Amino acid sequence: TRVVTVTVKRHVRALRRRPVQVLHPQEEKKEEVKQPKPSSTKWRVYTPRNSAGGEEQASARSQSLRYDKAVPGDRRLAKVVTIAKSRKFREQHGKVLLEGRRLICDALEAGAMLQTLFFSTVDRLNELPNEKLKGVNLIKVKFEDIQLWSDLVTAQGIIGIFSRPDHTKMSYPVTQQKNSLPLSLICDNIRDPGNLGTILRSAAGAGCNKVLLTKGCVDAWEPKVLRAGMGAHFRIPVITSLEWEVIPNYLSASTRVCVADNCNLHMAQPAKLASTRASDYGWVSCHLERMGKRQLSYDSSSDEEEESDDEETERSSKVSFPELSVHTYCENWAQPPVAIVIGGETHGLSVESLQLAESSGGTRLLIPVVPGVDSLNSAMAASILLFEGRRQLQQKVTFSQRCS
Ligand SMILES: C[S@@+](CC[C@H](N)C(=O)[O-])C[C@H]1O[C@@H](n2cnc3c(N)ncnc32)[C@H](O)[C@@H]1O
């Protein structure tokens, strides 16, 4: 009997041996030669453990998962990390990389699709919801390999490759939805990943109902944005790569769009602060200049030769700019529903954002700063306005509840 048992076990082990899987079909052929020999890769079985450290009971055992152990020369981790780090490849392959238990758990909870999970020890797997790992390509790699490719100062020994999340298919946390306010945020050309992540984190914290990103913003799924966002991507809808024309489609019809505007205060005279004329704040000159350049570049596709500086200046001076009133951030501006636009780090607000504010009956929001200070960091300005917006909207809800 023993001889038969041993022989059967050997057969089972032999059957379990599989060639290393390649994640990207188009690269399969190229990689075939480099793959380690099939006999060097083995499927392992992982049985979830309960919190006390023991194996779970019989019912749970049936949920055992099979994982693959990477062998020296296995380049799967390197390949997917490379893909996930380039915006172009991320978009082409429809994949995003999430690192660390917390982010991976948040994504799984929100219904994001995990394709491949690299982990350094089976204990890392025990920290994830076991039922969400079915059908996932699980690959055990050396901690040093994860460390090598990690974006974190202290690698956590776990990296997940997800399908790029689609906000229409996500289920955001119930508590988040219950605390959501008629407050949206529009990011207008935010280029810095740390800033965008911080803004998303603040937007989730302030109970924003959605964040809209214009086409020029840094990719919301870039690892640095994800890291700074601390899970905000999986708490509120983040809608990316939007042209200005379609932005109103994502806002309810009566939404007032308010623009965060530092109003180039360093150029303004203190006495002019009470004025609501844009030109009194000095910011028009900056925007005129931008608009002039914009028109010039649109025209450059025509047969006309380059325009002289004088002609440009003359044309720029003909451009009419939206007349928008100014509110300091602590005045009463947040009427539901409301959206705030936050300008980019380099160029500030776009002309399109000012036009949308004008057409929606919005206003400019100013956080007054000490004379000599140019402007605030975009993430800081966004946070101040979001939390002030939250305070004002909540006050209105409390007031109307008291009246009814
Ligand atoms: C770093 S600032 C842009 C500076 C840019 N060079 C300019 O002149 O417009 C980035 C964005 O943060 C917001 N912001 C910064 N300081 C602000 C302030 N004091 N009040 C209101 N918004 C402010 C605005 O939306 C601004 O476009």
Side-chain angles (χ1 to χ4, degrees), residues 77-119 124 127-129 132 136 146-173 176 185 187 189-206 208 210-242 342 345 377-379 382-383 386:
L77 177 61
K79 255 200 288 178
V80 288
V81 174
T82 312
I83 285 172
K85 285 195 173 172
S86 141
R87 180 175 191 162
K88 193 173 149 207
F89 285 125
R90 264 198 311 271
E91 286 173 353
Q92 261 174 12
H93 292 258
K95 293 179 200 296
V96 298
L97 179 150
L98 304 181
E99 191 173 357
R101 183 192 69 82
R102 176 86 194 267
L103 207 50
I104 291 173
C105 281
D106 286 350
L108 290 172
E109 281 305 311
M113 295 292 298
L114 179 56
Q115 298 178 349
T116 306
L117 188 75
F118 296 95
F119 61 98
R124 294 273 86 90
E127 295 166 355
L128 302 180
K132 308 250 175 174
V136 175
I146 291 199
Q147 206 168 26
L148 189 69
W149 292 104
S150 172
D151 238 11
L152 307 177
V153 179
T154 316
Q156 292 190 25
I158 189 157
I159 290 181
I161 305 296
F162 286 76
S163 306
R164 195 180 170 91
D166 173 353
H167 71 95
T168 58
K169 294 182 185 149
M170 303 286 275
S171 47
Y172 299 102
Q176 183 76 36
L185 182 71
C187 293
N189 259 306
I190 299 289
R191 306 282 184 143
D192 182 84
N195 280 346
L196 183 59
T198 308
I199 289 173
L200 296 178
R201 189 176 175 183
S202 289
C208 233
K210 65 175 84 71
V211 180
L212 307 178
L213 307 184
T214 63
K215 215 159 189 185
C217 287
V218 59
D219 181 23
W221 299 103
E222 140 138 356
K224 278 184 192 160
V225 182
L226 282 157
R227 203 164 63 232
M230 292 290 285
H233 294 72
F234 306 108
R235 301 192 74 79
I236 52 170
V238 179
I239 308 166
T240 61
S241 298
L242 299 174
I342 202 81
E345 299 85 354
N377 161 282
S378 53
S383 299
L386 283 168

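Please read all numbers here as calculations on a predicted model, not as lab measurements.
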Are any of the side-chain heavy atoms of [X] and [Y] separated by less than 4.5 Å?
X      : Y      : value
Leu242 : Thr214 : no
Tyr172 : His167 : yes
Ile159 : Ile146 : yes
Phe162 : Ile104 : yes
Ser86  : His93  : no
Leu128 : Ile158 : yes
Leu77  : Leu148 : no
Thr116 : Val80  : no

Working to the nearest 0.5 Å, report the span between [atom1] of [X] and [atom2] of [Y].
X      : Y      : atom1 : atom2 : value
Lys85  : Trp149 : NZ    : CH2   : 7.5 Å
Leu185 : Leu386 : CG    : CG    : 5.0 Å
Asn189 : Leu213 : CG    : CG    : 10.5 Å
Ile161 : Glu99  : CD1   : CD    : 10.0 Å
Lys95  : Ser163 : NZ    : OG    : 7.0 Å
Met230 : Arg235 : CE    : CZ    : 11.0 Å

Restricting to non-hydrogen atoms, name the atom on [X] and the atom on [Y] that form the minimum distance, rounded to 0.1 Å.
X      : Y      : result
Cys187 : Leu196 : SG-CD1, 4.0 Å
Ile236 : Gln176 : CG2-NE2, 3.6 Å
Val96  : Pro165 : CG2-CD, 3.8 Å
Ala379 : Ile199 : CA-CG1, 3.6 Å
Arg124 : Gln156 : CD-O, 3.1 Å
Arg201 : Ala228 : CD-O, 3.6 Å

* Asked: Which is it for Leu226 and His233 under the side chain to side chain contact (heavy atoms under 4.5 Å, CB included) test, yes or no, and what are the steps along the way?
  -> CA-CA 7 Å; Leu226 282 157; His233 294 72; 3.8 Å; yes
* Give the intermediate values and the outcome of side chain to side chain contact (heavy atoms under 4.5 Å, CB included) for residues Leu98 and Phe234. => CA-CA 12 Å; Leu98 304 181; Phe234 306 108; 3.7 Å; yes
* Within 6.0 Å of CE in Met170, more than 12 heavy atoms from elsewhere -> yes
* Asked: So, Glu127 side chain and Arg101 main chain: donor-acceptor pair closer than 3.5 Å or not?
  -> no
* Using side chain to side chain donor-acceptor pair (under 3.5 Å) as the criterion, point out the one residue from Lys88, Lys224, Arg164 that pairs with Asp219. => Arg164
